[in-house]
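Heads up: the structure comes next, in structure tokens.
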Amino acid sequence: MNIQELKFSNLSELLRKWGDLIISLYRQELVKTRSEDTGALGNSLNYIVETQDGEYEVNFSLLDYWEYVEEGRAAGKFPPLSDIKSWIKTKPVIPRPYNGKLPTVDQLAYLIGRKIHLQGTQGKHPLANTLEYIENNYMELLDDAITKDLQGQVDYYLFKNF
């Protein structure tokens, strides 16, 4: 018997539950850290549990800009103004008058982009916070699931002829 022949049904089920839990907690963390205005990032989160050669993985997919929410953006490069314009329209951003005039969406996007270019942004780490919470509160369940699976396999192979 090799590792590929072992069945880890309890582990698979636990990983699927964790995937759902991580999505739920991540969405809550995005709201808590005020990192989500449109809901698009939280709604884009998806996962799949994969098994290959006895190894189990939970792979997540997100919209590309998750990295900027997580780690921030270094100063020195202009962000895409089209993305800032979309953000302004969905937020909605209410500009303050300057010299008695309100800036247009294009002007406001430029000003926000310039500030990001000059100062960067701070990361809010919602994914890291979510994964840390899982690690601190649920790792014991992983040991239990693997133990149940292994015990079931041992019982099956030792006592299948009795």
Side-chain angles (χ1 to χ4, degrees), residues 8-146 149:
F8 289 90
S9 57
N10 290 307
L11 177 60
S12 295
E13 180 62 27
L14 178 66
L15 293 177
R16 282 190 289 280
K17 286 180 182 178
W18 278 9
D20 292 335
L21 180 62
I22 288 169
I23 287 173
S24 176
L25 293 173
Y26 182 64
R27 288 176 178 159
Q28 291 172 27
E29 191 69 22
L30 286 170
V31 171
K32 185 173 108 180
T33 59
R34 299 181 61 183
S35 303
E36 182 76 293
D37 294 315
T38 65
L41 185 58
N43 290 334
S44 74
L45 183 59
N46 204 348
Y47 74 93
I48 186 169
V49 177
E50 296 181 318
T51 307
Q52 187 173 2
D53 297 329
E55 293 183 12
Y56 286 75
E57 289 183 355
V58 181
N59 294 306
F60 290 91
S61 64
L62 288 156
L63 291 174
D64 290 340
Y65 69 89
W66 76 271
E67 294 176 84
Y68 298 115
V69 173
E70 190 70 18
E71 298 298 330
R73 183 183 180 104
K77 186 176 176 187
F78 247 88
L81 293 180
S82 60
D83 291 345
I84 295 174
K85 288 178 195 176
S86 296
W87 177 78
I88 289 169
K89 291 174 185 173
T90 58
K91 174 101 175 132
V93 174
I94 301 171
R96 293 186 303 237
Y98 181 74
N99 289 337
K101 297 180 185 177
L102 284 176
T104 66
V105 171
D106 287 341
Q107 291 168 333
L108 189 57
Y110 174 79
L111 293 171
I112 292 170
R114 184 178 66 185
K115 182 174 182 181
I116 293 171
H117 165 73
L118 295 173
Q119 297 177 3
T121 61
Q122 292 290 322
K124 297 186 178 179
H125 312 289
L127 186 56
N129 294 342
T130 299
L131 296 176
E132 181 180 339
Y133 180 82
I134 294 290
E135 187 175 325
N136 291 337
N137 295 286
Y138 292 96
M139 290 308 286
E140 190 174 298
L141 296 175
L142 185 63
D143 291 339
D144 292 344
I146 293 170
D149 286 329

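Each residue takes its place number in the sequence, starting with 1.
Among residue pairs with one or both ends in residues 79-116, those qualifying as ring pair (Phe, Tyr, Trp, His ring centres under 6.0 Å) are F78-Y110; sequence neighbours excluded.
For E36 (side chain) and L41 (main-chain N/O), a donor-acceptor pair under 3.5 Å exists by modelled atom type. One N or O on the side chain of S44 and one on the backbone of L63 form a donor-acceptor pair closer than 3.5 Å. The closest donor-acceptor contact from the side chain of T121 to the backbone of R73 lies under 3.5 Å. A donor-acceptor contact shorter than 3.5 Å links the side chain of K124 to the backbone of R34.
Under the 4.5 Å side-chain criterion, counting only non-hydrogen atoms from C-beta, R27 is in contact with N43. Counting heavy atoms from C-beta outward, L25 and E29 have side chains that stay 4.5 Å or more apart. Looking only at side-chain heavy atoms (C-beta outward), V58 and W18 stay at 4.5 Å or farther from each other. Between R16 and E13, the closest side-chain pair of non-hydrogen atoms falls below 4.5 Å. Inter-residue side-chain proximity for L62 and Y26 is flagged as met; some heavy-atom pair is nearer than 4.5 Å.
Here the NZ-CD1 distance, from K115 to I112, works out to 9.5 Å after rounding to the nearest 0.5 Å. Q28 contributes atom CD, which lies 12.5 Å from atom CG of N129 (distance to the nearest 0.5 angstrom).
Between G113 and L81 the shortest heavy-atom distance is CA-CD2, 4.3 Å. Nearest heavy-atom pair, S35 versus T33, reported as atom, atom and distance to 0.1 Å: OG-OG1, 2.7 Å. The minimum heavy-atom distance linking A40 with Y65 is given by the pair CB-OH, 4.1 Å. Contact detail for P103 and P95: the closest heavy-atom pair is CG-CB, 3.7 Å. In plain terms, the two heavy atoms of K77 and H117 that are nearest each other are N-ND1, 3.4 Å. Scanning both residues, E70 and L127, for their nearest heavy atoms gives OE1-N, 2.8 Å.
Counted within 6.0 Å of OH on Y68, heavy atoms from surrounding residues, nucleotides or ligands total 12 or fewer; the atom is thus considered open. Within 6.0 Å of the CG atom in L118, the count of heavy atoms belonging to other residues, nucleotides or ligands exceeds 12. Other residues, nucleotides and ligands place no more than 12 heavy atoms under 6.0 Å from the CG atom of D64.
Inspection of the D20 and Y47 side chains reveals an N or O donor paired with an N or O acceptor under 3.5 Å.
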In residues 131-144, what donor-acceptor pairs under 3.5 Å come from side-chain atoms, sequence neighbours left out?
{"residue": "N136", "atom": "ND2", "partner": "E132", "partner atom": "O", "Å": "3.3"}
{"residue": "N137", "atom": "ND2", "partner": "Y133", "partner atom": "O", "Å": "2.8"}

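Residues satisfying the side-chain contact (heavy atoms from CB on, under 4.5 Å) test with D149, not counting sequence neighbours, are F8, S9, N10, L11.
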